[in-house]
Structure formats: C-alpha cells, structure tokens
There are 2 protein chains.
Amino acid sequence: MRIGELARATGTSVETIRYYEREGIIPAADRADNNYRDYSPEHLATLTFVRRARGLGFSMAQVRALLALSADADTPCADVDRMVQSQIEEVDRRIGDLEAMRAQLSGMLAACGGRRIGDCGVVESLANRPPAN
Amino acid sequence: MRIGELARATGTSVETIRYYEREGIIPAADRADNNYRDYSPEHLATLTFVRRARGLGFSMAQVRALLALSADADTPCADVDRMVQSQIEEVDRRIGDLEAMRAQLSGMLAACGGRRIGDCGVVESLANRPPAN
DNA sequence: CTTGACCCTGTAGTTGCTACAGGGTGCATA
DNA sequence: TATGCACCCTGTAGCAACTACAGGGTCAAG
C-alpha cells in the first residue's frame, strides 16, 4: 500500500509517517519503480502499535523500547507491565496537576465580584496570591 | 534587584527571565553601570503574574492578552472571565483525555495473563485493539 | 495534453524553554 | 597583589514530536 493509504488507515499524516521512518521508529518501506514507498501489512501493524502507544502518552524513546520488547515473544510480561505501570503513574501525576490548575481557575472566577477588573479580584488573584500548594 | 534575585524570588530560571524579556512578555530591565539588569518591584509583579498564568496553563499569547487586559482597571471583568472559563474547559478536556488514557493503560495490565508476552494480551492490546472511543 | 491527485526530498518553523560557549564584573580571601 | 568565586552578559544551538512548505516528479482520466 502507498503512504496515503497507510496514513488514512492509521489516522496519521503522511509527513508524520515519513518522520517516523527518518527517526527509525518504523522500518523504511520498500520502493516501487517510481520511487513511491510501498508498505506491507507488517508496516501497518507496526505503525498502528506506534500510534496507539503514542496516544497513551509514551514518548518516542519509550515506544522504541516497547517495540523492542514486543519483537520477542519470550519477553517477560513484567518488563512491559513495569512500563505500563509507570506510565499510569505519570498520567496520574498529570491529572493531579491539571486538577490543581482547575481548582485555581475556578477560584479566580469566584473571586470576581465587580464589573471592572479594578473592582474585582480576578486579576489580583494572579498577581498577588501565593503559589498554589 | 538583579536577575538572580528576581529568579529566586519568583522560582524562575535566569535564562527564562532573559527569554521573557527577549519575547517582550516582560519589559526590558534598566541597566546598571556594569550592564547588569536592574529590576523594579513592578518587574517582580509582572513576572509573578506571568509565572502564575503560565502555571495555570495559559499560553504565552494568552498571557500577553491577560497582561494587556490587566493593565487597565476599566477592563470589564467579563473579558478576563471568558479567558479563564475557556481555560477551564481546556483543562477539563485534557483531564478527560488523560482519564481515557489511564483507563486504557489499566486495561492493558488487566489483559496480562501470562509470563511471556507471547502468551499474554498486553502487547496485542496495543497492536490490535481498535482506537479507544 | 492538461488537470488533478498523488508521491518525492530537503529544510525550516512551532512552543517554551534549557544549555552551553566564551567572555566580563566585583568582592573576599591568601 | 593575585586569585578564586559567584555572579552577570550576549549569542547560538538543542529539545520533543511533529507540521508546513518549496520545488519537483508520476500517472491515470477527460
């Protein structure tokens, strides 16, 4: 299949696919006579894997590691589980950060009591309040 | 005050402060005879504002807008409230995305049933499962 | 024979910093 | 007096993970 088809099949842009190839995260495609890239079902599977892992928040480096682990059926599950577990922790951390931000932002709206910012706490809450902890 | 003091006072790195000045998000400091930057309390207030807004997830462009609004005491509160409200929505969107990721990741761990990935669903769940919706 | 949808390479831009390299300043101590 | 040290300066390059061209080739349909 050609790069455009692969792009549509995986919800990836053509330029991102070429970028992944340059980065070596997916293997280089074969080339047809006209120099167009020609992808196999294995490429499709690899790219699907990459996109899903990226969508779960794994970095490119982590995706590389996951691909390496997944290449060998004898890889102990624990190796992958550890990466998944620490990604869950990272996600939880980010959720916590965002919830703290959300609370601060809601507090700003609550501080708004006037018609003009000169009469109202909304801007002061940014300028003067101690860092949220 | 000198740049290092300002940095400590605001929890910002010296290079970030210089970066903000280059970007025009904080006004350029006066210079002492030795060409060292010399900051006023107004600089401190502005930088505090900037850091807090950045910490709430506002982009540099949004921080610029907030600074412009906050410069005039007659700015209607509603103008700022709108930005805060849409930032809350953005944060909620991100929290939702992260929670979906978290659920997928937990599902991967649950799919793990073997000792080697060849016997266990943890990797297949990345390669074959349809996109999470 | 031209239009249009594809494909190619290569390079530069994005966001918000961070990290040098290579140099100057100014005070305290040996 | 020398020298160390913490601090400051400018300028440029790097990071992640793409995204967006510019400038060109390919190929089937009308």
| task | Go through the side-chain N and O atoms of B:His43 and B:Thr46 and say whether any donor and acceptor fall under 3.5 Å apart. | result | no

| query | If you measure from the Lys or Arg side-chain nitrogens to the Asp or Glu carboxylate oxygens, is any gap between B:Arg93 and B:Glu90 under 4.0 Å? | reply | yes

| Where the side chain of B:Asn34 is defined as all heavy atoms beyond and including C-beta, which of C:dC17, C:dG26, D:dC18 is the nearest nucleotide? | C:dG26

| task | Verify whether one side chain among B:Glu15 and B:Ser13 offers a donor that lies under 3.5 Å from an acceptor in the other. | result | no

| query | Has A:Arg22 got a side-chain N or O lying under 4.0 Å from the OP1 or OP2 atom of C:dC8? | reply | no

| Side-chain N,O (B:Thr16) to OP1/OP2 (C:dT18) below 4.0 Å | yes

| field | Base of C:dG26 paired with side chain of B:Tyr36 (donor-acceptor, under 3.5 Å) | value | no

| task | State whether B:Asp92 and A:Arg102 are salt-bridged, where the test is any N-O pair (Lys NZ or Arg NE/NH1/NH2 against Asp/Glu carboxylate O) under 4.0 Å. | result | yes

| note | Between CG of B:Asn35 and P of D:dC8 the distance, given in whole Å, is 13 Å

| said: What's the separation between atom OG1 in A:Thr75 and atom CZ in B:Arg116, rounded to the nearest 0.5 Å? | reply: 9.0 Å

| Phosphate contact (D:dT26 OP1 or OP2) by A:Arg37 side-chain N/O below 4.0 Å | no

| remark: When rounded to whole Å, the CD1 to C1' distance for the pair B:Ile3 and C:dG26 reads 18 Å

| query | Given that B:Arg18 and B:Arg51 both sit by DNA chain C, which one's nearest nucleotide is further toward the 5' end? | reply | B:Arg51

| Once you round it to whole Å, what is the distance between P of D:dT10 and CD of B:Glu21? | 7 Å

| message | Check this for me, if you would: do A:Asp38 and A:Arg2 make a salt bridge, where the nitrogen-to-carboxylate-oxygen distance has to be below 4.0 angstrom? | response | no

| message | What is the separation between atom CD on B:Glu5 and atom P on D:dC8, rounded to the nearest whole Å? | response | 8 Å

| Atom OG1 of A:Thr12 and atom CG of A:Leu6: how far apart are they, to the nearest 0.5 Å? | 7.0 Å

| Given DNA chain C, 5'-ward residue of the pair B:Tyr19 and B:Arg2, judged by closest heavy atom | B:Tyr19

| said: Nearest whole Å is fine: how far is D:dC7 C1' from B:Asp33 CG? | reply: 17 Å

| request: Give a yes or no on whether a donor-acceptor pair under 3.5 Å exists between the nucleobase atoms of C:dC20, that is its base, and the side chain of B:Glu15. | output: yes

| task | Measure the angle between the two terminal helix axes of the helix from C:dC1-D:dG30 to C:dA30-D:dT1, five base pairs each, and quote it to 10°. | result | 30°

| message | Between C1' on C:dG16 and CD on B:Gln62, what's the gap in Å once rounded to a whole number? | response | 14 Å

| said: OP1 or OP2 of D:dC18 versus the side-chain N and O atoms of A:Arg54: is any pair under 4.0 Å? | reply: yes

